[in-house]
Number of protein chains: 2
Amino acid sequence: MDPVEIFKALSNKTRLQILQWLKEPELNFPEQAEFGYGNGVCVGQIQKKAGLSQSTVSEYLSLLQKVGLVKAQRVGQWTYYVRDKEAFAALSELIETKI
Amino acid sequence: MDPVEIFKALSNKTRLQILQWLKEPELNFPEQAEFGYGNGVCVGQIQKKAGLSQSTVSEYLSLLQKVGLVKAQRVGQWTYYVRDKEAFAALSELIETKI
DNA sequence: TAGGTATATCGGGAAAAGTCGATATATATT
DNA sequence: AATATATATCGACTTTTCCCGATATACCTA
């Protein structure tokens, strides 16, 4: 858990938006319904909603995963992403107690 | 309160360090003692401890103030900075509830 | 008002981040 | 094996950040 890297990851409007969307997947990614939400939301859905290029969104997601804010899971040809709730709780705690 | 700007301000080792120092001024800025801690810690003390140039530290502090993480107060020729506790509480809250 | 001290602002060069299109890789289907 | 689809990686270009020295401004004191 490197705070500087985490804050860098959060210093971007689109990435922040993605995280907010992932807070309520059913609401924000209705097209994901036919594949279920059990594993998370796949890159394509997120890319479509973000409106940036496929490569950019893929990089953003892997960055968010690298710093631990989301978890990724490959299922078939899809990679599903979910918000990591514990990471946010830990970050919140850190902000009040350490910074 | 613009989250992206706040996170940008926090995305720097030195700025993060300064905020941590300001959490315990008596401990981290003993030389400030002779002027008291009532108003906060002045730029010179912070600059000396950070080891970066005067201009850089001055800019960092005014950036931290712009996004609301610290409060500044001019007293004579000195500008004193203090951590804004409420801002951190609000940020912590935002991280758990909105992001 | 002249000089000293503390802080702020400006201009710039180097490094990092943002973003893209092109291409590579992994998996699924025929 | 060939093709199609989803995702990842690469190379390039533009914008932003980092950090400095030089200079300006504000305030204090003689």
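All chains are named by letter (A, B, ...) in the order of the sequence lines, taking the proteins before the strands, and each is independently numbered beginning at 1.
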Is there any protein nitrogen or oxygen under 3.5 Å from a nitrogen or oxygen in nucleotides 13-17 of chain C, and what are the pairs?
unit_1	atom_1	unit_2	atom_2	d
C:dA17	OP1	A:Lys8	NZ	3.2

Please list, one pair per line, the donor and acceptor atoms closer than 3.5 Å that link side chains of residues 64-81 of chain B to other protein atoms, with sequence neighbours excluded.
unit_1	atom_1	unit_2	atom_2	d
B:Arg74	NE	B:Gly76	O	3.1
B:Arg74	NH2	B:Gln77	O	3.4

Return the residues of residues 17-33 of chain A meeting this criterion: a heavy atom under 4.0 Å from some atom of DNA chain D. Order them by number, or give none. none
Partners meeting side chain to side chain donor-acceptor pair (under 3.5 Å) with B:Lys48 (sequence neighbours left out): B:Glu31
What pairs with A:Ser11 under side chain to side chain donor-acceptor pair (under 3.5 Å), at least two apart in sequence or on another chain? B:Ser11
Does any residue of residues 61-71 of chain A have a heavy atom under 4.0 Å from DNA chain C, and if so, which ones, in number order? none
Listed by chain and number, what are the side chain to side chain donor-acceptor pair (under 3.5 Å) partners of A:Ser55, not counting sequence neighbours? A:Ser53
Under 4.5 Å side-chain heavy-atom separation, chaining through any Ile, Leu, Val, Met, Phe, Trp or Tyr, what else clusters with B:Val82? Say none if it is isolated. none
Kindly state each residue pair satisfying ring-ring contact (aromatic ring centres under 6.0 Å, His included) with at least one member in residues 50-77 of chain B, sequence neighbours excluded. none
For DNA chain D, the residues among residues 46-54 of chain A that have a non-hydrogen atom under 4.0 Å from it: A:Gln54
Between the protein and nucleotides 26-30 of chain D, list the N/O to N/O atom pairs that are separated by less than 3.5 angstrom.
none

Side-chain donor-acceptor contacts of residues 89-99 of chain B below 3.5 Å, not counting sequence neighbours, with atom names and distances?
unit_1	atom_1	unit_2	atom_2	d
B:Ser92	OG	A:Ser92	O	3.3
B:Ser92	OG	A:Ser92	OG	2.7
B:Ser92	OG	A:Glu96	OE1	3.3
B:Glu96	OE1	A:Ser92	OG	3.3
B:Thr97	OG1	B:Glu93	O	3.0

